[in-house]
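Each remark here refers to the structure printed beneath this line.
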Amino acid sequence: MPFILETIIATRNADGSFHVRPYGLHRDGDEWIFLPFRPSPAIDNLARHPFLVASHPSDVRVLAGFLTGRSEWPLVPAETVDGVRLADTSGHMEMEVVGVEQDDVRPRFRCRVVHEVAHRAVTGFNRAQAAVLEAAILSTRLDRLPPDKIKDEIAYLKIAIDKCAGPQELEAWGWIIEKIGASVAL
Ligand SMILES: Cc1cc2nc3c(=O)[nH]c(=O)nc-3n(C[C@H](O)[C@H](O)[C@H](O)COP(=O)(O)O)c2cc1C
């Protein structure tokens with residue numbers, strides 16, 4: 001299995017606005033593979049404008065927010081491509097698509113980093129942030145996973161929330177639990 005970096009990806013919409021959502025980037029040597037599931041605006045956007053920007057937030061509310069209709073996170077222009085990054089990010093990568101492997105389910109966009117910036121020191125690991133990340137991913141797979149599995153995983157992840165969460169993680173957790181709870185009895 002490849003190393004997967006969970007990040008926030010921005011692609012340019014036809015009207016010049018930006019589509020921004022969390023996705024994993026698969027590392028392949030010096031390149032990264034972006035694998036959006038169909039259908040996704042990101043797929044159409046990259047066909048028109050083959051550039052994307054990946055931002056690495058340290059606030060997990062950004063991840064949870066984009067999945068729960070809270071997308072008011074400030075964006076600023078990228079430095080070398082026509083794109084945007086999160087204003088509040090520990091680092092970002094500006095990338096060009098250099099190859100596409102088409103697939104009916106999940107096309108593979110091979111991306112080359114054209115510009116990379118570290119904006120501030122990375123603070124290290126936190127279990128509650130990891131728990132929010134896992135719960136956020138679960139919340140996007142509710143139609144593919146059995147309800148019991150979701151319930152069990154949330155109960156386990158909550159241990160880290162109870163022990164290690166700060167205010168941001170608690171808020172993000174609440175948004176994700178509300179989203180999951182609308183479909184699954186937790
Ligand atoms: C940490 C994280 C990683 C994700 N990785 C992917 C991914 O690699 N591909 C994908 O299609 N969706 C991924 N998702 C789910 C998408 O963010 C979610 O389905 C979103 O609504 C997709 O928007 P779209 O349908 O506009 O592409 C991920 C979600 C999270 C929280």
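Note that the structure is predicted; figures quoted are calculated from it, not measured. The residues of the chain are indexed from 1 along the displayed sequence. When a ligand or atom number is given, it counts from 1 through the structure's own listing order. These values consider heavy atoms only, across backbone and side chains, with no hydrogens, waters or symmetry-generated copies.
In this structure, I8 is not a member of the same hydrophobic cluster as L25, with clusters built from ILVMFWY side-chain heavy atoms closer than 4.5 Å.
Closer than 4.0 angstrom to ligand 1 sit non-hydrogen atoms from E6, H19, R21, P22, Y23, G24, L35, P36, F37, P39, S40, P41, L67, R106, L133, A136, I137, T140.
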Note to self: Please evaluate residues H92 and H56 with respect to the criterion ring pair (Phe, Tyr, Trp, His ring centres under 6.0 Å), reporting the C-alpha separation (whole Å), side-chain torsions for both, the decisive distance (0.1 Å), and the verdict.
What the structure shows: CA-CA 6 Å; H92 83 277; H56 319 310; 8.1 Å; no
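With F37 as the aromatic partner, R144 meets the cation-pi criteria of under 6.0 angstrom to the ring centre and within 45 degrees of the ring axis. The side-chain tip of R27 points at the ring of F3 from less than 6.0 angstrom away and within 45° of straight on.
Each of V20, L46, L52, V53 was checked for a side-chain contact (heavy atoms from CB on, under 4.5 Å) with I9, and the lone residue meeting it is L52.
Apart from I33 itself, the hydrophobic cluster it occupies contains L35, where clustering links Ile, Leu, Val, Met, Phe, Trp and Tyr at side-chain heavy-atom distances under 4.5 Å.
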